[in-house]
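Here the structure is laid out as structure tokens; the discussion comes afterwards.
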4 protein chains.
Amino acid sequence: MNAGPDAPQARRRLAPEARTPQILQAALEEFAERGYAGARMAAVAGRAGIAKGLIYHYFPSKDALFQATVHACTQPLFEEAERQLSGHAGSARELLGALVRMGYARISADQQERTLFRLIITEAERFPDLARFYREEMLARATAIARAVLRAGVAAGEFRPEVADMPGLAEVVLAPVLMASVWRMILGESDAPAPGVLRDAHLDLLLRGLSA
Amino acid sequence: MNAGPDAPQARRRLAPEARTPQILQAALEEFAERGYAGARMAAVAGRAGIAKGLIYHYFPSKDALFQATVHACTQPLFEEAERQLSGHAGSARELLGALVRMGYARISADQQERTLFRLIITEAERFPDLARFYREEMLARATAIARAVLRAGVAAGEFRPEVADMPGLAEVVLAPVLMASVWRMILGESDAPAPGVLRDAHLDLLLRGLSA
Amino acid sequence: MNAGPDAPQARRRLAPEARTPQILQAALEEFAERGYAGARMAAVAGRAGIAKGLIYHYFPSKDALFQATVHACTQPLFEEAERQLSGHAGSARELLGALVRMGYARISADQQERTLFRLIITEAERFPDLARFYREEMLARATAIARAVLRAGVAAGEFRPEVADMPGLAEVVLAPVLMASVWRMILGESDAPAPGVLRDAHLDLLLRGLSA
Amino acid sequence: MNAGPDAPQARRRLAPEARTPQILQAALEEFAERGYAGARMAAVAGRAGIAKGLIYHYFPSKDALFQATVHACTQPLFEEAERQLSGHAGSARELLGALVRMGYARISADQQERTLFRLIITEAERFPDLARFYREEMLARATAIARAVLRAGVAAGEFRPEVADMPGLAEVVLAPVLMASVWRMILGESDAPAPGVLRDAHLDLLLRGLSA
DNA sequence: TATGAATGAGTTTTCATTCAT
DNA sequence: CATGAATGAAAACTCATTCAT
């Protein structure tokens with residue numbers, strides 16, 4: 001049609017290794033903004049700067065694209081936390097503080113993480129694979145980290161002995177961080193409870209509630 | 001065509017007061033199962049046992065039906081909690097325990113409440129009205145209750161003085177109950193962390209973390 | 001858009017009993033001209049003078065529409081032949097002549113019948129239902145008629161005894177009529193072997209080949 | 001990417017004389033299974049073990065490929081029959097029997113021939129060239145052979161004199177063989193009238209119907 | 001010669017909404 | 001008030017064809 005100066009840089013051939021993440025990033029944005037049903041393949045293509053059809057060269061259906069999108073962006077999620085956990089030298093209280101602060105900092109900073117979380121909440125019922133993925137790759141990893149900190153604290157005599165193996169406690173310890181994220185999803189940056197404020201109250205309650 | 005005895009309750013004229021809740025209930029079910037974009041007006045009509053067209057006599061659009069649906073089912077949500085709060089005579093620790101237990105019990109029992117919560121999470125970004133509604137009618141009411149309990153406990157000397165006015169603490173105290181609901185949404189009854197287990201850990205942490 | 005005098009007579013509500021055959025007729029024309037894969041639902045709608053969507057009100061898919069189309073137009077096919085068979089009083093030679101003449105006349109006249117036949121040939125491999133339908137509702141009926149005539153001729157002493165039960169003979173007797181139809185499909189009215197000419201040669205061969 | 005020993009014969013340069021029949025064979029299979037509109041160029045490439053793009057080096061369009069495909073596989077069709085005809089020494093009855101038997105044998109054996117015939121029936125309307133091709137290269141050759149046999153039989157006094165020049169008789173004589181092929185197309189090997197059975201009835205009718 | 005990434009027009013299908021009955 | 005036939009815009013998906021490599 002037109003090949004004017006604004007024309008969308010006609011037909012740039014890329015290796016699949018370069019194109020795939022580009023599409024996945026565009027898909028993440030679109031799915032995040034509109035949810036699964038609301039997302040349009042044409043919009044994904046638009047965001048990626050390619051033609052609709054090309055998406056189908058890489059993913060057989062909207063469904064497959066969605067699942068690939070979610071899977072693709074979980075890699076870096078827990079890496080930092082697990083690094084902190086294994087590399088930490090100081091007290092368990094300090095470690096707990098550092099991890100909680102990291103969690104709240106992420107909520108403030110990382111749009112993509114909230115987005116991912118929302119997609120899982122929203123679509124888990126229709127994509128059973130997603131629920132399994134959340135349970136195994138996200139919740140299990142997060143509670144494992146929390147449990148390790150609790151045990152370290154007990155071992156060091158900083159936390160009271162019962163918390164080492166109290167069922168459900170790891171989840172309860174995590175919950176406020178996750179809810180901070182949910183609130184931010186729902187209410188937006190301006191109206192949600194401020195992460196910094198939640199963090200301070202959360203740490204105050206935790207340190208008091210766990211210590212020996 | 002036929003209005004014989006087997007005809008599926010053909011063309012039964014009802015007063016608007018009777019039809020409206022029937023439609024809203026059907027809409028809640030459909031929106032809950034499919035989300036806003038995935039819900040079909042024809043399916044809402046089907047669930048309500050009426051023709052598609054009739055919905056438009058009562059609600060001007062899918063959008064309006066959705067908002068009415070969410071608004072309609074929040075009424076009974078906090079009534080019991082507020083009744084308990086104002087009618088309570090015993091210690092603040094007992095009151096806190098009773099309220100937390102009620103919260104977790106609801107998660108186990110009330111499908112509709114989780115459903116409502118999910119819809120808000122899912123659609124808040126596209127329906128700003130919904131976010132405002134959640135903030136004013138749900139989160140604000142819930143934190144007000146929590147804050148009242150904390151203050152009562154401080155006043156009675158059961159809780160340490162700082163918790164009376166610590167910003168964000170009411171939200172942190174509530175968060176694990178809400179996350180229990182979110183996990184149940186995502187993972188289903190069988191795979192989500194068990195509410196009873198979370199409840200016990202939660203109460204243990206709270207009572208220890210708040211007490212004077 | 002336009003509501004000029006040529007506008008396609010906006011939104012004319014019809015009872016399903018009236019609309020269904022209208023759509024089927026349009027579909028027959030379109031499928032006949034283009035085959036299954038080549039036919040466009042939009043074109044069917046256009047021929048029927050309705051909107052695309054309405055077709056899906058009556059038939060769940062292109063596939064279903066196609067099968068309904070073929071089924072719908074077989075009713076009148078063998079009625080006349082079967083009537084002639086049961087009502088005939090004269091000689092078997094005369095009956096055979098009348099039926100063969102009717103067959104060739106149909107090929108000349110009835111576009112729709114050729115069309116139907118072509119669709120079956122074309123699509124039978126992809127629609128196994130169609131093959132079964134052809135075998136049971138068309139070929140079986142046609143050979144039954146032919147066999148009845150042969151037996152009548154033997155009973156009357158007009159045909160030699162072997163032809164009463166010779167396997168495959170009914171099919172061989174019918175074949176030239178059907179091939180006349182196939183040739184007409186392939187070559188068109190002007191280039192195909194003329195039905196009248198084939199008919200005379202066919203009858204000559206038959207009467208000589210069958211007679212006692 | 002990799003050209004390791006397991007790679008599916010990556011990028012093997014072939015002379016056009018070798019590539020063309022490879023593509024045509026693949027195209028015949030694909031067109032046969034799916035018809036013209038249903039066939040996909042990618043599938044043709046896949047069957048031929050080459051990339052889509054390469055087809056366009058040899059044929060300018062799907063259309064051209066189709067026509068080339070049909071033309072390419074008619075060469076050997078009548079060669080044997082014409083050889084038998086010119087080389088035959090015995091009686092006309094024997095020659096007729098041999099040719100008819102050969103025809104039915106082909107139907108049983110040669111998938112490719114039925115396929116070709118189906119494509120012509122299916123697509124002749126949309127490809128006028130195909131109809132002309134069928135008329136000149138197939139039907140005309142076949143009737144010429146049949147007519148030659150009839151004349152030989154009359155000349156030898158085996159057949160009655162009228163059949164030497166009866167218009168349409170050659171076509172009628174051929175028709176059952178062709179219909180046997182059509183039935184086999186429609187109904188498949190298992191449900192179609194058995195070629196051997198048709199052959200015997202056909203010969204019986206012919207010899208009786210033609211003889212002096 | 002050969003590949004397969006890239007395009008985009010065209011197709012089926014869905015569904016909110018309207019409106020004749 | 002009530003129905004469901006009818007519309008049409010929009011969305012998922014397909015595939016012949018092109019072209020950078």
Side-chain angles (χ1 to χ4, degrees), chain A residues 1 8 10-16 18-19 37-45 49-63 65, chain B residues 1 10-16 18-19 37-45 50-63 65, chain C residues 1 8 10-16 18-19 37-45 49-63 65, chain D residues 1 10-16 18-19 37-45 50-63 65:
Chain A
M1 286 284 139
R11 194 177 275 245
R12 181 57 198 234
R13 190 190 180 107
L14 281 185
R19 196 60 95 190
R40 288 170 301 118
M41 295 297 267
V44 173
I50 58 173
K52 255 181 322 176
L54 190 53
I55 299 178
Y56 290 89
H57 200 71
Y58 290 90
F59 302 95
S61 67
K62 186 183 183 181
D63 202 287
L65 175 63
Chain B
M1 289 291 127
R11 194 179 279 244
R12 178 134 165 106
R13 187 179 186 127
L14 243 62
R19 200 58 100 190
R40 286 169 301 123
M41 296 296 269
V44 173
I50 58 173
K52 268 177 309 172
L54 192 52
I55 298 178
Y56 289 86
H57 270 279
Y58 294 90
F59 302 95
S61 69
K62 186 185 185 182
D63 203 288
L65 174 63
Chain C
M1 286 288 133
R11 196 178 275 248
R12 183 54 200 234
R13 189 191 181 105
L14 282 186
R19 195 60 94 191
R40 287 172 302 117
M41 295 297 267
V44 173
I50 58 174
K52 256 179 320 175
L54 191 53
I55 299 177
Y56 290 89
H57 201 70
Y58 291 90
F59 303 95
S61 66
K62 186 183 183 181
D63 202 287
L65 174 62
Chain D
M1 284 293 127
R11 193 180 280 243
R12 178 132 165 111
R13 189 174 185 128
L14 243 61
R19 199 58 101 190
R40 287 170 298 124
M41 295 295 268
V44 173
I50 58 172
K52 268 177 309 175
L54 191 52
I55 298 178
Y56 288 86
H57 269 278
Y58 294 89
F59 303 95
S61 68
K62 187 185 184 182
D63 204 286
L65 174 62

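Throughout, a chain's letter reflects where its sequence line sits, starting with A, and its residues are numbered from 1.
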Return the minimal non-hydrogen interatomic distance between Gly38(D) and Ala37(C), and the atom names on each side.
->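 Where Gly38(D) meets Ala37(C) most closely, the heavy atoms are N-CB, 3.9 Å.
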Nearest heavy-atom neighbours spanning Leu14(C) and Tyr58(C) =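 Nearest heavy atoms, Leu14(C) then Tyr58(C): O-OH, 4.3 Å.
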Toward the 5' end of DNA chain F, which comes first, Ser61(A) or His57(B), by nearest nucleotide?
->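 Its nearest nucleotide lies further toward 5', so the answer is His57(B).
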Closest-nucleotide 5' rank along DNA chain F - winner of Gly53(D) and Ala39(A) |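 Counting from the 5' end, the first nearest nucleotide belongs to Ala39(A).
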Which whole-number value in Å describes the distance from [X] [atom1] to [N] [atom2]?
X	N	atom1	atom2	result
Ile55(B)	dA16(E)	CD1	P	9 Å
Leu54(B)	dT21(E)	CG	C1'	15 Å
Phe59(C)	dT14(E)	CZ	P	15 Å
Arg13(A)	dA20(F)	CZ	C1'	6 Å
Met41(D)	dT7(E)	CE	C1'	16 Å

Select from Asp63(B) and Ala42(C) the residue whose nearest nucleotide in DNA chain E is closer to the 5' end of that strand.
->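 It is Ala42(C), whose closest nucleotide lies nearer the 5' terminus.
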Lys62(D) (side chain) and dT17(F) (base): donor-acceptor pair under 3.5 Å |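 No pair found.
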Test for a donor-acceptor pair under 3.5 Å between the base of dG10(E) and the side chain of Lys52(C), counting only N and O atoms.
->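 No.
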For Tyr56(A) and dC13(F), is the shortest distance between a side-chain N/O and OP1 or OP2 below 4.0 Å?
->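 Indeed, a polar side-chain atom of Tyr56(A) lies that close.
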dA6(E) phosphate, OP1 or OP2, under 4.0 Å from Arg19(A) side-chain N/O |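 So the side-chain polar atoms of Arg19(A) do come within 4.0 Å of the phosphate oxygens OP1 or OP2 of dA6(E), strictly under.
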Are Lys62(D) and Ile55(D) side-chain neighbours, meaning at least one heavy-atom pair lies under 4.5 Å?
->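 Of all side-chain heavy-atom pairs linking Ile55(D) with Lys62(D), none is under 4.5 Å.
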Measure the NE2-CZ distance between His57(D) and Arg19(D) for me, rounded to the nearest 0.5 Å.
->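 It is 11.0 Å, given to the nearest 0.5 Å.
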Side chain of Ala51(C) - closest among dT17(E), dT3(E), dT7(F) |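 For Ala51(C), the side-chain atoms sit closest to dT7(F).
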Out of dA16(E), dA12(F), dT12(E), which has the shortest distance to the side chain of Arg40(B)?
->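 Closest nucleotide among those given: dA16(E).
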Would you mind pulling out the nucleotide paired to dG4(E), Watson-Crick or G-U wobble, both distances under 3.5 Å?
->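 Pairing partner, where one exists within any strand: dC19(F).
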dT14(E) pairs with which nucleotide, Watson-Crick or G-U wobble, both distances below 3.5 Å?
->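 Base partner found: dA9(F).
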Does the pair Lys52(B) and Val44(B) meet the rule for a side chain to side chain contact (heavy atoms under 4.5 Å, CB included), with working shown?
-> CA-CA 8 Å; Lys52(B) 268 177 309 172; Val44(B) 173; over 6 Å; no
